[in-house]
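Taking it in order: structure first as structure tokens, then the write-up.
Counting from 1, the numbers follow the sequence of the chain as shown.
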Amino acid sequence: MYLCSQFMGNQQVSPILALQQQRLLLQMEYAAEKEAYRKQTEEIGLQRKVKRGDAWYPLKMGKSYYNSLNQLVVEVFRQGDDDDIEHNFEFGRPVCFFSVAVNSKLKYFPITATVSYVDGNRMVVAVPDNGQLIDVQGAENVGIQLFFDETSYKMMFEALDRVIRAKSRLGYLRDLFYTPSNSPSKGEKRSGGMKAESFTFAPLHFPYLNRTQEDAVNKVLRAKDVAIVHGPPGTGKTTTLVEAIYETLRRENQVLVCAQSNMAVDWISEKLVDRGINVLRIGNPTRVNDKMLSFTYERRFEAHPDYTLLWSIRKAIRDLRAHRKRGDEKYHQKLERLKERATELEVRINAQLFGEARVIASTLVGSANRLLEGQKFGTLFIDEAAQALEAACWIPIRRVSRVVFAGDHCQLPPTVKSFAALKAGLGKTLMERIVENHPETVTLLKMQYRMNEEIMRFSSDWFYGNQVESAPEVKFRSILDLDIPMTWIDTSQFDFPENSENPELPEKPAQPLFREEFVGESFGRINKAEAELTLLALEQYFTKIGKERILEERLDVGVISPYRAQVQYLRRLFKKREFFKPYRHLISVNTVDGFQGQERDIILISLVRANDEGQIGFLRDLRRMNVAITRARMKLIILGDASTMTRHPFYKKLYEYIDAL
């Protein structure tokens, strides 16, 4: 189809055999992640865990209480000066508490807790109601870290097992997704393989959508089985998806909307709410603000008129259990009566909340929540589908008749930690599989509204077969007159960054200064001189634009590095540098993954890799670079050692493209 089909294999096996292979690969990934967690717990030092964003220490314990879902929760607060560290805690992730002994050894408490929500340096954690929380609250030097996520794997294994055994509609979708439309499969009578079914009706017109967006919405509405909205960077995938959901709701009473991450679920939910659609969000949002909270299940549950009565009955149950008297013959009778009344109220509140909602929104794993037990939907929409493992997608597919995937398999892939499982095909998503087997279900969005034409052109040529065009209003957008939109600063041409304020850089380096360093196993790489040069390049560009204009027009900047160690080093440099003080609210520094779905006026990319062997590690995954280079609206500055990077054909082509501008 287009060049990103390079990531897909063409081997055809029976659907059931292929899914059994998926299960084996998922088992490998499970074992690899469990082993990585064991190593992290036993071998990686506490400070490293904190720096990686996998632990909070020191921790201040807050109050504990019962939330509206009748879970015992406790507040915890991150202390210290680690605010610049992006942590990895989010709703639904399992965590455990530990205390630090005098000899610096960690003692883990036998409690597996779950993140309820995080707001800045405050986190609310749901804990088992078995009296063990008292030990944590009474301990000194307490911290919290991410725990191995057994639950998500359990749900993915269950989903795969169910799909392997499935008959009826789920079995049909399984066979369809795995069978190419142009070749027959065993037991399939149609000579052309299995084709995705669709309705036939005259196209609908949407004046606020462009032609390919309109085509995509029509294809979604016509699809009986599956449709795919393939949205390259800046092409309005979310706008198209919201319109497709809105139009589907004119034909169906309720739909299920899922995504791999909480952040992606929040984003699509917010856009649907802006469109006036009643959304019920299962699980808590990543960004805790009133707008986001207002459509969560928990907040709606608390706001229900019957909730006060339910809360008082639950309190009466807890009091009855806590003050049980010996020989009280009526204890069980009283308890059962109260529990029956509480269940009756819960069922009534749930029926009303789910009855009023037009969209039920959750993560893919969150769709297995007990609240959705027995629920069936006509249509499932999966956003950012190209970032989700296939097994995770099958969790919500079990509840529906048809599926709409939206995403871009030429951008960030799913995270797979086992190299062997990745090599054997675990990273291939269900969306990729359907793009390959059923290209007739795909609509490529072709008009982008983000980037200057010259920034967009390279990505369009390499990844999308030169099919993406720039909207007239963004084609020539730039900050400075006669500016070159893309620049590659070749660090191999520099001996030393001038006017360096960084005491960590030596005055006369013994070897070439722009060299990568390795910091700790599985922590990442760093290039201090390149980081310094990144700040200098931005400082010079800001000086050209002028302070007044930057602040008045709120020109925003993204500084990206593929390596987390480099990101944290860059953040420290920006904090110290006096020049950037007035602009700090306009500058964000993050990994490629952290910038997925975002855009900035100016983007700087620090590639880090600089070595004699031409090793570039995971920068060989070109989808990551596609994300990085397409975040910029008007100016893209890449900093990297050309002699290292251009040994790879993609970076050679990119370097030559920029050099020719």
Side-chain angles (χ1 to χ4, degrees), residues 33-34 36-82 85 87-154 283-284 288 298 311 314-326 331 335 339 370:
E33 198 168 335
K34 200 165 189 178
Y37 176 76
R38 186 196 64 76
K39 275 189 175 175
Q40 187 201 35
T41 302
E42 293 174 12
E43 298 169 23
I44 293 178
L46 177 57
Q47 280 315 306
R48 179 101 66 80
K49 286 181 200 172
V50 170
K51 279 187 174 174
R52 287 163 60 101
D54 294 337
W56 281 7
Y57 180 82
L59 200 68
K60 182 186 166 195
M61 301 297 291
K63 63 179 180 178
S64 58
Y65 57 92
Y66 287 88
N67 67 9
S68 60
L69 305 181
N70 206 28
Q71 298 167 315
L72 178 62
V73 295
V74 61
E75 288 181 320
V76 298
F77 299 88
R78 175 162 65 165
Q79 306 289 289
D81 54 357
D82 298 321
I85 295 173
H87 64 76
N88 300 315
F89 294 92
E90 64 170 27
F91 169 79
R93 296 201 70 172
V95 291
C96 59
F97 290 99
F98 60 84
S99 63
V100 182
V102 182
N103 60 2
S104 295
K105 283 207 164 180
L106 304 190
K107 176 203 163 195
Y108 289 92
F109 293 93
I111 298 176
T112 303
T114 310
V115 177
S116 184
Y117 68 80
V118 191
D119 182 11
N121 289 327
R122 172 179 172 263
M123 179 157 56
V124 178
V125 179
V127 294
D129 190 4
N130 55 11
Q132 291 181 320
L133 180 62
I134 297 164
D135 297 337
V136 180
Q137 289 173 315
E140 291 183 354
N141 305 323
V142 175
I144 192 168
Q145 74 172 56
L146 290 171
F147 194 62
F148 178 63
D149 191 357
E150 196 91 44
T151 311
S152 294
Y153 278 103
K154 189 181 166 200
N284 274 312
V288 182
E298 201 169 327
W311 190 88
R314 284 172 173 172
K315 188 176 184 301
I317 291 170
R318 287 194 292 271
D319 291 345
L320 189 64
R321 281 175 172 155
H323 305 107
R324 184 183 178 183
K325 290 172 187 167
R326 229 179 236 184
Y331 169 78
L335 188 64
K339 280 164 79 175
R370 64 175 183 81

Item to check | Worked verdict on F91 versus V118 for side chain to side chain contact (heavy atoms under 4.5 Å, CB included) | outcome: CA-CA 7 Å; F91 169 79; V118 191; over 6 Å; no

>> side chain to side chain contact (heavy atoms under 4.5 Å, CB included), that's the test. Do V76 and M61 meet it? Break it down for me.
In response: CA-CA 5 Å; V76 298; M61 301 297 291; 3.8 Å; yes

- [ ] Show your reasoning for whether ring pair (Phe, Tyr, Trp, His ring centres under 6.0 Å) applies to F89 and W56.
- [x] CA-CA 9 Å; F89 294 92; W56 281 7; 5.5 Å; yes

### Test log, rule side chain to side chain donor-acceptor pair (under 3.5 Å), inputs E33 and Y153
CA-CA 10 Å; E33 198 168 335; Y153 278 103; 2.5 Å; yes

Worksheet entry | From CA spacing to verdict: side chain to side chain contact (heavy atoms under 4.5 Å, CB included), V74, V124 | CA-CA 6 Å; V74 61; V124 178; over 6 Å; no

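Q132 approaches P110 most closely through the heavy-atom pair OE1-O, 3.2 Å. Taking both residues in full, the closest heavy atoms of P128 and I111 are given as CD-CG2, 3.4 Å, listed atom of the first, atom of the second, then distance. The heavy-atom pair separating Y37 from F147 by the smallest distance is OH-CD1, 3.0 Å. Across every non-hydrogen atom of L59 and G143, the tightest pair is CD2-C, 3.8 Å. In terms of heavy atoms, F148 sits closest to K34 at CE1-N, 3.5 Å.
No more than 12 heavy atoms of other residues, nucleotides or ligands shown are found within 6.0 angstrom of CD on E140.
Using a distance-only test at 3.5 Å, with no hydrogens or angles considered, no donor-acceptor pair links the side chain of R48 to the main chain of Q40. Here the side chain of N67 pairs a donor or acceptor atom with the backbone of N70 at under 3.5 angstrom. Although no hydrogens or angles enter the test, the distance criterion places a donor-acceptor pair under 3.5 Å between the side chain of N88 and the main chain of R52. In this structure, the side chain of D54 does not engage the main chain of K49 through any donor-acceptor pair within 3.5 Å.
Atoms CG and CD, from D129 and Q71 in turn, are 10.5 Å apart once rounded to the nearest 0.5 Å. Here the straight-line distance linking atom OG of S99 with atom NZ of K105 works out to 13.0 Å at 0.5 Å rounding. Taking NZ from K107 and CG from N141, the interatomic distance works out to 12.0 Å, rounded to the nearest 0.5 Å. Here the straight-line distance linking atom CG of L106 with atom CZ of F97 works out to 14.5 Å at 0.5 Å rounding. Within the model, atoms SG of C96 and CD1 of I144 stand 7.5 Å from one another, a figure rounded to the nearest 0.5 Å.
Residues D149 and R93 are not in side-chain contact: their nearest non-hydrogen atoms beyond the backbone lie 4.5 Å or more apart. Within the 4.5 Å cutoff, no side-chain heavy atoms of T41 are placed close to those of K39. Between L69 and E298 the shortest side-chain heavy-atom distance falls below 4.5 Å. Taking 4.5 Å as the limit, every side-chain heavy atom of V95 sits out of range of all side-chain heavy atoms of T114. Between F77 and N121, the closest side-chain pair of non-hydrogen atoms is not below 4.5 Å. Side-chain contact between M123 and V115 is present, with heavy atoms from C-beta onward closer than 4.5 Å. Using a 4.5 Å cut-off on side-chain heavy atoms (C-beta onward), P94 and E150 make no contact. Looking at heavy atoms from C-beta onward, L133 lies in side-chain contact with L72 at the 4.5 angstrom threshold.
Cation-pi geometry between K63 and Y65 is met: the NZ or CZ atom falls under 6.0 Å from the ring centre, inside 45° of the normal. Relative to the ring axis of Y66, R314 does not place its NZ or CZ within 45° and under 6.0 Å from the centre.
Side-chain contact of Q145 with Y108: a donor-acceptor pair under 3.5 Å is present, judged by distance alone.
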